[in-house]
Amino acid sequence: MIELIFPDGSRRAFDDGASGRDVAASIAKSLEKRALLVRLDGQLLDLDRPLPGGGTFEILTRESPDALEVIRHDASHVLAQAVQELFPGTQVTIGPAIDEGFYYDFARDEPFSLDDLGAIEARMAEIVDRDEKIVREVWDRNEAIAHFRDIGEAYKAEIISDLPEDEVITVYRQGDWKDLCLGPHLPSTRHVGKAFKLTKLAGAYWRGDHRNAQLQRIYGTAWASEADLEAYLRRIEEAERRDHRRIGRAMDLFHLQEEAKGMIFWHPKGWTLYRTIEAYMRRRLDTDGYVEVKAPQIMDRGLWEKSGHWEKFGQAMFTCETTEGEELAVKPMNCPGHVQIFNFGQKSYRDLPLRMAEFGACHRYEPSGALHGIMRLRAFTQDDAHIFCREDQIEAETTKFVKLLNSVYSDFGLDLHSVKLALRPEIRAGSDEVWDIAEAKLDRAARQAVNMEVEPLPGEGAFYGPKLEFHLRDAIGRTWQCGTLQLDFVLPERLDAEYVAEDGSKQRPVMLHRAICGSMERFLGVAIENYAGAFPLWLAPTQAVVASITSDADDYAREVAAALKAAGLRVELDLRNEKINYKVREHSLAKTPVIAAVGRREAEGRAVAIRRLGAEGQTVLSLDEAVAALAGEAVPPDLARAALRG
RNA sequence: GCCGGCUUAGCUCAGCUGGUAGAGCAGCGGUUUUGUAAACCGAAGGUCACGGGUUCGAGUCCUGUAGCCGGCACCA
C-alpha cells in the first residue's frame, strides 16, 4: 500500500501500482477526464505511470502552469513527429519547452522554408486529432544506442551515449513515432490542443557550440486555450509597435546607415534625450561620491598588450598605424585608461575607495550578426566607473552600487528582470581561494541589496573575476544585460596599480568595474520601448509645443513659448497655417507630452489651453500658473527628491 | 561569423504566371485663419539595395555582394 497526502492535508491509502489516473478516478470521474499529470513529492509524473511510492500528491489539470510547460513540451514532440512524417530522413535532436512556447532542432540537408510551416502545422493538428496514446517505456542503454543508430538517428544515439551510466533511459511512444525523452508527458496527443502556432525558423548549433553542425530550429508558441494564444499574438503585435527602431524613426531620434554599421547618427531630438539621461546619471554619480574623468580614445598597442586585452580581444579592436610606425588601438573599454589616472602620482589608503567614472565611448568590432538596433553596436558609450578599493571594502561598495542601480532603474520605470552571478570560468587568473572569497562576497552583497533571486551562471565569469549581471527586458521580452559589477584582481597587478597602506607598505587595490546603464545606447533603447516613446515630462525631448489656433495669436504664442523656455522647458512653437485639429493630431502622434494651444481667447485672457498626451480635452490655466506647474513637473526625479529633503 | 528571410518614392506598402512602375501619408507651390487626433487644389518625386547573367524584353527568373530582420554563436 502507498499513502498519499492531498493538498488539503487529507491522507488516503492506495494499492501498490496505482497510477495517478486511478487516484483521480477514485475521486471523481470528471477529475479523471481533466487530469493531465500528477505531482508526487514535488516531482511531475505521467498520469498513467504507476506511482513509485507515497507522499504529497496533487493532480494537475490544464489550468496549472506546470501542465502548460508539459503541453509545450508535447507540442514540440508533435512538431517532431509531423516533420518526420512529412520529411522522411530528417533527424530529430532535442526539443524543449521554453518561455511562451517550444522549439525543436532538426538535422536535414535541405533547408525548411517558411511555406513548409503551414503544412507542418496542419499535420500537427492531424496528429492531435489522432489522439495517439503517449506511452512511457524504459529501455536498456546499449539497446537504445544501437536502436537509434540503426534507424539513422545519430544525434539521439549520441545523447544517450553521453548520459551517465546509471541514468534510466526512457522512450516515449506516440503512435508509430517515438522519442528519447525524460518526460513527463500528457496522456495522449489530444491534450496538446490546437492553441499552438509555429512562429519562426532559425539556425542553431548542435549543443550550442559553433564548431558543431548547424541544425534547423523551428520555434512555436503553445497555450492552454485559444484565448490565451490570441492574447499572446496580440501582445506580440502590440510589442512590435514599441520597437525602439520603429519609434526612433517615427520620433526622428536617430538613424543608422551602411557606411557606419553598428554606429548611431543621433538626430537633435534623440541627442537631447541622450544628454538628458547623461546629465541625470552624472548627478547620480556625483552625489554618490564618484569623480569623473576622461581618458584618451586611442592608445598604444603596448598598453593593451600589457592589460591582456590584445591577446584575448585584439581581433575585435579597431586599430591603426601611423606614418611614424606607431600601432594604436581605439579603446574597446575604459579600464586601462583609468588605471593610468590612478597610477599618476601616489595614492594613499585614505583615497580609497576611489570611484572613478567616465562616459567612455568604446568601439568594438562586433560580429555582424550580433548587431541589433541601438542595443548592440560597434560604437557605444559605457556609463563606466572603476572603484579602486581594499578587499574589505568590496562588499560595502557592491551593496552601495546595487542600491544606486535600483534607484536609477526605478526612476525610469524599469523593473529588473533578473540578477545573475557569473562564476569562475575554466581559464582564469587567481587561486581558487581568492575566487571562493570573491564569489561569496558578490553573492552576499547582491542578495542583501536586491529583493530577488540571484541566478548563478557557472563558468561564465570573466577571466579576471566574477561578475554580477543586471538584466532588463525589451518590448518583446528579450532580455538585455545593462548593469554589471565585476570584481577584478588581475588588472591592478598587470598595470601596477598601488597605494600606500597605513603601515607605509605598498599594496594592490582591488578593482570593481561597474556600469548601471551598461551602454547609454542600449539603456536608451530599453527606455524607449518601456515608455513606448511616451516619455515622462522630464525626459521628453520636446516637452511642450505651443500651437497657435489663428495667426492673430502668433505674437502671444511666441510670448508663451518664451516664458516656458525661460522656465527651463524644451519648447517648440507651431505657428503653421494649419487647423488646430491637425496640429493636435501631429504632436500627439509625435508623443509630445504637452500641447499648449493659444487662440484669440487665450491671448485676450493671457491664458493657455493645456492638453496632455493621452488625455481627452484640455484645461485652461493662466500663463503664470501653466509655467509654474509645467516647470515643477519637469524637474528630474533625483532633483525633485533632493528638493523635498530640503 | 553561421542558418533562414527581407530590400520598390522621405515613410507605410501595391505591383498576378517576365511586356521597362502605382497608392496613401510626408515634403514642395497655392487657396484656406482655422477651437483640440487628418481642410482643399496642384505640380513634383523611383538607375525597383548594388553587380553579373538568362531573355527580343527583368522590379518579376538565376547568380554574386552588401545592409537589415529573426534566431544561433559571440559579448572584455
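Protein chains get the first letters and strands the later ones, always in sequence-line order, with residue 1 at the start of each.
- The shortest distance between the side-chain N/O atoms of A/Ser551 and the OP1/OP2 oxygens of B/U33 is not below 4.0 Å.
- Residue A/Glu259 qualifies as enclosed at atom CD: its count of foreign heavy atoms under 6.0 Å is above 12.
- The residue A/Ala547 sits apart from the nucleic acid: no heavy atom pair falls under 4.0 Å.
- Across A/His244, A/Arg241, A/Arg473, a single residue satisfies side-chain hydrogen bond (donor to acceptor under 3.5 Å, both in side chains) together with A/Glu529, and that is A/His244.
- Here A/Asp488 does not pair with A/Arg494 in a salt bridge; the nearest charged N to carboxylate O distance is not below 4.0 Å.
- Among the nucleotides B/G70, B/A76, B/C72, the one closest to any side-chain atom of A/Arg478 is B/G70.
- Here B/G27 is the nucleotide among B/C3, B/G27, B/C72 with the atom lying nearest to any side-chain atom of A/Arg576.
- To the nearest 0.5 Å, atom CD1 of residue A/Ile218 and atom OG of residue A/Ser76 are 11.0 Å apart.
- Contact between the side-chain N/O atoms of A/Tyr365 and the OP1/OP2 oxygens of B/G1 is not found at any separation under 4.0 Å.
- Contact annotation: A/Lys261 side-chain N/O to B/G67 OP1/OP2 distance is under 4.0 Å.
- As rounded to whole Å, 19 Å separates atom P of B/G24 from atom CG of A/Leu589.
- Here B/C11 presents its P atom at 12 Å from NE2 of A/His267, a figure rounded to the nearest Å.
- We find that CZ of A/Phe102 is positioned 16 Å from P of B/G71, with the value rounded to whole Å.
- B/U12 atom P lies 15 Å from atom CZ of A/Arg241, rounded to whole Å.
- One P atom belongs to B/G5, the other to B/A9, and the distance between them is 22 Å to the nearest Å.
- Between A/Lys467 and B/A76, a side-chain N or O to OP1/OP2 separation shorter than 4.0 Å is present.
- Dashed line: the shortest gap from a side-chain N or O of A/Arg611 to OP1 or OP2 of B/A37 is under 4.0 Å.
- For A/Glu578 and B/C41, the CD to C1' distance is 14 Å, given to the nearest whole Å.
- Taking the P atoms as reference points, B/C61 lies 8 Å from B/U17, given to the whole Å.
- B/A39 is paired with B/U31 under the Watson-Crick or G-U wobble criterion, all donor-acceptor distances under 3.5 Å.
- Closest to the A/Arg364 side chain, of the nucleotides B/A76, B/C68, B/C72, is B/A76.
- For the pairing with A/Phe380, the side chain to side chain contact (heavy atoms under 4.5 Å, CB included) check across A/Arg522, A/Arg364, A/Met375 returns one residue only, A/Arg364.
- Between the CD1 atom of A/Ile476 and the P atom of B/C69 there is a distance of 12 Å, rounded to whole Å.
- As rounded to the nearest Å, B/G35 and B/A43 have C1' atoms that lie 32 Å from one another.
- In this structure, B/A26 forms no base pair with any nucleotide, since neither Watson-Crick nor G-U wobble geometry is met with both distances under 3.5 Å.
- Here A/Ile595 lies out of heavy-atom contact (under 4.0 Å) with every strand.
- Base engagement by A/Ala609 is indicated by at least one non-hydrogen atom pair under 4.0 Å involving a base atom.
- Only the C1' atoms considered, B/A21 is 23 Å distant from B/C28, to the nearest whole Å.
- Side-chain rings of A/Phe102 and A/Tyr104 stay apart, their centers remaining 6.0 Å or farther from each other.
- Look at CZ on A/Arg522: it is 13 Å from P on B/C75, rounded to the nearest Å.
- Counting only heavy atoms from C-beta on, A/Arg245 has its side chain closest to B/C69 among B/U36, B/C72, B/C69.
- When Watson-Crick and G-U wobble pairs are counted only if both distances are under 3.5 Å, B/C6 pairs with B/G67.
- Residue A/Tyr219 is in sugar-phosphate contact alone, with no base atom involved, counting any heavy-atom pair closer than 4.0 Å across all strands shown.
- Taking the side chain of A/Lys579 as heavy atoms from C-beta on, and the options B/A39, B/G4, B/G35, the nearest nucleotide is B/A39.
- Look at A/His372 and you won't find any side-chain N or O under 4.0 angstrom from OP1 or OP2 of B/C68.
- Remark: the separation of the C1' atoms in B/A58 and B/U8 is 14 Å, to the nearest Å.
- Proximity of A/Arg207 to the phosphate of B/C72: no side-chain N or O atom is located under 4.0 Å from OP1 or OP2.
- The same atom, C1', is picked in B/G29 and in B/G67; the two are 36 Å apart, to the nearest Å.
- Along RNA chain B, the nucleotide closest to A/Tyr464 and the one closest to A/Pro111 are compared, and the more 5′ of them pairs with A/Pro111.
- Counting non-hydrogen atoms under 4.0 angstrom, A/Gln214 reaches a base of the nucleic acid.
- Nucleic acid contact for A/Glu602: base, since at least one base atom lies under 4.0 Å from a heavy atom of the residue.
- Here A/Tyr582 does not lie in a stacked arrangement on the base of B/A38, lacking the combination of planes under 30° and ring centres under 5.5 Å apart.
- Base pairing annotation: B/G19 forms a Watson-Crick or G-U wobble pair with B/C56, both donor-acceptor distances under 3.5 Å.
- Salt bridge annotation for A/Asp209-A/Arg207: absent, with no cationic side-chain nitrogen under 4.0 angstrom from a carboxylate oxygen.
- Between A/His309 and A/Ala202, the residue anchored closer to the 5' end of RNA chain B is A/Ala202, taking for each the nucleotide with the nearest heavy atom.
- Donor-acceptor pairing under 3.5 Å, judged by distance alone, is absent between the side chain of A/Glu366 and the base of B/G1.
- For B/U12, one of the phosphate oxygens OP1 or OP2 lies less than 4.0 angstrom from a side-chain nitrogen or oxygen of A/Arg249.
- Side chain A/Gln216 to base B/C3: no donor-acceptor pair is found below 3.5 Å.
- On the P atoms, B/G59 is 13 Å away from B/G18, given to the nearest whole Å.
- The interatomic distance linking A/Leu198 (CG) with B/G4 (P) rounds to 19 Å, in whole Å.
- Annotation: B/A73 and B/A37 have their P atoms spaced 49 Å apart (nearest Å).
- B/G45 makes up no base pair with any nucleotide shown, lacking Watson-Crick or G-U wobble contacts both under 3.5 Å.
- An OP1 or OP2 oxygen of B/G4 is reached within less than 4.0 angstrom by no side-chain nitrogen or oxygen of A/Arg108.
- Across all strands shown, B/G1 forms a Watson-Crick or G-U wobble pair with B/C72, both key distances being under 3.5 Å.
- More than 12 heavy atoms of other residues, nucleotides or ligands sit less than 6.0 Å from atom CZ of A/Phe87.
- Side-chain N/O atoms of A/Arg585 include none lying less than 4.0 angstrom from OP1 or OP2 on B/U36.
- Counting non-hydrogen atoms under 4.0 angstrom, A/Gly308 reaches nothing in the nucleic acid.
- At a cut-off of 3.5 angstrom, counting only N and O atoms as typed in the model, there is a donor on one side and an acceptor on the other between the side-chain of A/Tyr205 and the base of B/G1.
- One finds no salt bridge joining A/Glu240 and A/Arg246 here, because no Lys/Arg side-chain nitrogen approaches an Asp/Glu carboxylate oxygen to under 4.0 Å.
- Remark: A/Lys420 NZ to A/His471 NE2 distance equals 4.0 Å, nearest 0.5 Å.
- Looking at A/Arg376, its side chain comes within 3.5 Å of the base of B/C75 through a donor and an acceptor atom.
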